[in-house]
2 protein chains.
Amino acid sequence: MTTVAAYAAPVTKALLERTTIERREVGAHDVLIDIKFAGICHSDIHQAREGWGEAIFPMVPGHEIAGVVSEVGSGVTRFRVGDRVGVGCMVDSCRTCDNCEADLEQYCLNGATMTYNGIGRDGRPTYGGYAQKIVVDENYVVRVPDGLALDEAAPLLCAGITTYSPLRHWNAGPGRKVAVVGLGGLGHMAVKIAHAMGAEVTVLSQSLRKKDDGLKLGADHYYATADPATFERLGGTFDLIVSTVSAPLDLDAYLSLLRTDGALVNVGAPEEPVSLDLFSVIGGRRTLAGSSIGGIRETQEMLDFCAEHGIGAEIELIGAAEIDEAYERVLNSDVRYRFVIDTATI
Amino acid sequence: MTTVAAYAAPVTKALLERTTIERREVGAHDVLIDIKFAGICHSDIHQAREGWGEAIFPMVPGHEIAGVVSEVGSGVTRFRVGDRVGVGCMVDSCRTCDNCEADLEQYCLNGATMTYNGIGRDGRPTYGGYAQKIVVDENYVVRVPDGLALDEAAPLLCAGITTYSPLRHWNAGPGRKVAVVGLGGLGHMAVKIAHAMGAEVTVLSQSLRKKDDGLKLGADHYYATADPATFERLGGTFDLIVSTVSAPLDLDAYLSLLRTDGALVNVGAPEEPVSLDLFSVIGGRRTLAGSSIGGIRETQEMLDFCAEHGIGAEIELIGAAEIDEAYERVLNSDVRYRFVIDTATI
């Protein structure tokens with residue numbers, strides 16, 4: 001075991017504090033990663049405050065991890081010491097079910113092992129990226145291409161893949177009209193990626209406060225959802241809407257913005273159930289769907305795509321002592337567009 | 001104008017009574033149809049009782065119409081006097097929008113003209129199939145193949161196409177596991193059609209009361225949804241679930257029965273909004289969708305498919321005087337499986 005400095009929530013809803021955790025010895029197929037940067041994802045807050053149900057404490061959040069390999073196990077073939085790598089939301093899965101075999105480990109039928117707030121295959125709790133080191137099986141590690149800075153790459157491991165995967169799956173591309181709901185950590189990545197894929201991109205945000213940013217990030221259009229006229233004007237417009245917000249959404253209103261056969265895909269997840277009029281999907285054969293991160297192969301594909309298109313996250317680099325303040329600012333939608341912890345400060 | 005005997009609801013929630021209505025003169029592109037049989041669809045009741053919103057009265061319901069052509073306009077090319085024909089839920093559409101041009105008239109962007117409780121292109125209310133005759137543009141009339149009896153064909157015009165279309169669109173067929181929720185008018189057609197398409201078919205019904213019927217209709221499996229064990233046993237099983245019920249559904253429970261990338265498609269429409277936990281679609285990248293009848297071309301394809309596979313509706317033939325009693329029995333799920341009015345009794 002190796003003792004590692006980390007930031008943890010000792011109990012639910014507590015402030016995060018500096019502590020130490022134990023990482024397992026580097027096994028034959030493991031890599032030891034010196035974490036350099038860890039993004040702060042809204043879901044870190046949901047989980048640290050048990051908004052999505054009972055959680056495991058102490059909790060070291062963080063599933064947007066970028067760092068450098070500092071040791072490899074004897075059986076590791078894909079990585080060498082010094083490689084720039086990333087780890088996202090999962091660190092293991094059963095590897096044998098239909099979904100794992102189809103590179104859809106995120107939907108592992110036996111349950112993927114989440115990077116934190118999970119139980120590892122060894123029966124011990126997993127601890128995430130708000131820490132100086134992590135040990136991960138090489139099959140759940142991806143390579144950060146040279147063109148990407150590590151700090152701007154970290155948020156790609158969740159915010160990037162979470163938006164890239166549905167954009168690919170629902171065919172964002174030339175000739176397709178894509179709306180992105182919410183211009184936060186996930187939303188700003190969705191805009192950049194959908195634009196790079198060649199889609200016509202519209203941001204649907206509560207207000208026009210971030211409009212200039214949105215257009216710079218690659219949006220073609222920007223509308224305020226607080227203005228009811230937006231819903232009248234845009235009825236029946238989009239092939240695909242990716243909702244990145246975790247506040248409860250008026251699903252019926254957003255579904256009305258879809259063309260026939262269009263899809264509203266939720267990657268944000270409100271803590272409470274939402275209301276839906278089924279006529280909203282029956283009319284126009286519309287689809288309401290969800291998507292959860294992406295598989296390991298697709299995560300690598302996303303990083304390569306981002307490197308090719310010069311896409312990193314827009315980040316605000318912080319020290320570990322500022323995590324709690326950052327959480328409050330995330331909850332107030334006051335971040336442009338992702339907080340990233342410099343783990344040297346832990 | 002031609003005066004035609006019909007059964008109508010004079011005002012909302014009233015009993016239906018015999019009356020007369022006016023049909024337009026047969027125009028150049030119209031056919032006059034002697035209606036022989038009209039199915040009773042649950043949506044007739046929803047509309048006659050304004051469960052789906054304000055309606056037009058007097059209302060002559062009926063959009064499962066089978067009859068014989070008795071007169072054709074000078075420009076009619078597709079039908080001749082004596083042809084056995086059907087009319088479904090719509091009698092016109094704009095014919096110029098993207099959807100009309102793509103044979104998706106049911107999603108006409110300018111609004112299809114519904115067979116009853118609609119306003120025709122001439123600005124007058126439309127009246128449905130609980131009547132002795134109807135005048136319809138030939139482009140919205142389909143041919144009933146010789147192999148199908150007219151009385152058993154009538155329900156295909158709504159119940160048949162409403163289930164055929166999503167089964168086709170979401171690829172029911174060999175190697176696919178399809179569940180049908182509810183074994184009523186729509187459900188029993190869904191079972192027959194999905195079975196004929198080669199899918200493995202499961203009925204999910206409240207109780208096992210109709211199990212023998214379900215298996216005879218073509219189901220491979222039959223489960224009671226009132227038994228919580230059903231939801232445990234069948235978790236993650238189906239590629240496609242077609243829900244035909246108009247009672248509010250526990251969407252989260254049904255979504256949990258889908259495999260990764262599976263779709264729950266609603267063709268039944270409850271009068272009230274339903275609750276949904278978005279995690280139910282995010283997990284397993286599941287889809288909640290809807291589907292509304294089918295286009296005219298697809299309706300003809302469905303009739304041809306049914307004739308080829310010897311599929312008619314299971315019907316209970318009634319006289320017009322029994323309509324109100326039949327409505328009550330439909331509401332009590334006491335019909336096996338579709339009431340069809342012999343319009344000679346009007």
Side-chain angles (χ1 to χ4, degrees), chain A residues 46 52-53 97-100 102 104 106-112 162 165-166 169-170 235-236 243 245-246 248-252 255 258-295, chain B residues 46 52-53 97-100 102 104 106-112 162 165-166 169-170 235-236 243 245-246 248-252 255 258-295:
Chain A
H46 283 295
W52 288 345
C97 71
D98 289 351
N99 286 344
C100 282
L104 293 168
Q106 76 273 35
Y107 303 122
C108 172
L109 298 175
N110 296 303
T162 297
S165 183
H169 188 72
W170 278 275
S243 170
V245 303
S246 53
L249 214 60
D250 180 344
L251 291 179
D252 301 307
L255 286 164
L258 290 173
R259 302 179 63 169
T260 304
D261 287 327
L264 167 59
V265 181
N266 293 270
V267 296
E271 298 182 352
E272 302 295 329
V274 289
S275 167
L276 172 70
D277 181 344
L278 285 172
F279 278 106
S280 299
V281 289
I282 292 173
R285 194 161 56 186
R286 296 180 173 105
T287 281
L288 174 68
S291 180
S292 177
I293 52 174
Chain B
H46 283 295
W52 287 347
C97 72
D98 288 351
N99 286 344
C100 282
L104 294 168
Q106 76 272 36
Y107 303 123
C108 173
L109 297 175
N110 297 304
T162 297
S165 183
H169 188 71
W170 277 275
S243 170
V245 302
S246 53
L249 213 59
D250 181 344
L251 291 179
D252 301 308
L255 286 164
L258 290 174
R259 303 179 64 168
T260 304
D261 288 327
L264 167 59
V265 181
N266 293 269
V267 296
E271 298 182 353
E272 301 295 329
V274 289
S275 167
L276 172 69
D277 181 344
L278 285 172
F279 278 105
S280 299
V281 289
I282 292 172
R285 193 162 56 186
R286 296 180 173 106
T287 281
L288 174 68
S291 179
S292 176
I293 51 173

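A, B, ... follow the sequence lines: proteins, then strands. Residue 1 opens every chain.
- In this structure, the portions of B:N266 lying under 4.5 Å from any heavy atom of chain A include both its backbone and its side chain.
- When each of A:S165, A:P166, A:S292 is paired with B:R285, the side chain to side chain contact (heavy atoms under 4.5 Å, CB included) condition holds for A:S165 and for no other.
- One finds the CG atom of A:L288 at 10.5 Å from the CG atom of B:L264 (value rounded to the nearest 0.5 Å).
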Run the side-chain donor-acceptor check on residues 272-282 of chain A: report pairs under 3.5 Å with partners two or more places apart or on a different chain.
| from | atom 1 | to | atom 2 | distance (Å) |
| --- | --- | --- | --- | --- |
| A:D277 | OD1 | A:F279 | N | 2.9 |
| A:S280 | OG | A:D252 | OD1 | 2.6 |
| A:S280 | OG | A:D277 | O | 3.1 |

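- In this structure, no portion of B:L255 lies under 4.5 Å from any heavy atom of chain A.
- For a residue to count as touching a neighbouring chain, one of its non-hydrogen atoms must lie under 4.5 Å from one of that chain's; by this rule B:L104 touches chain A with the side chain only.
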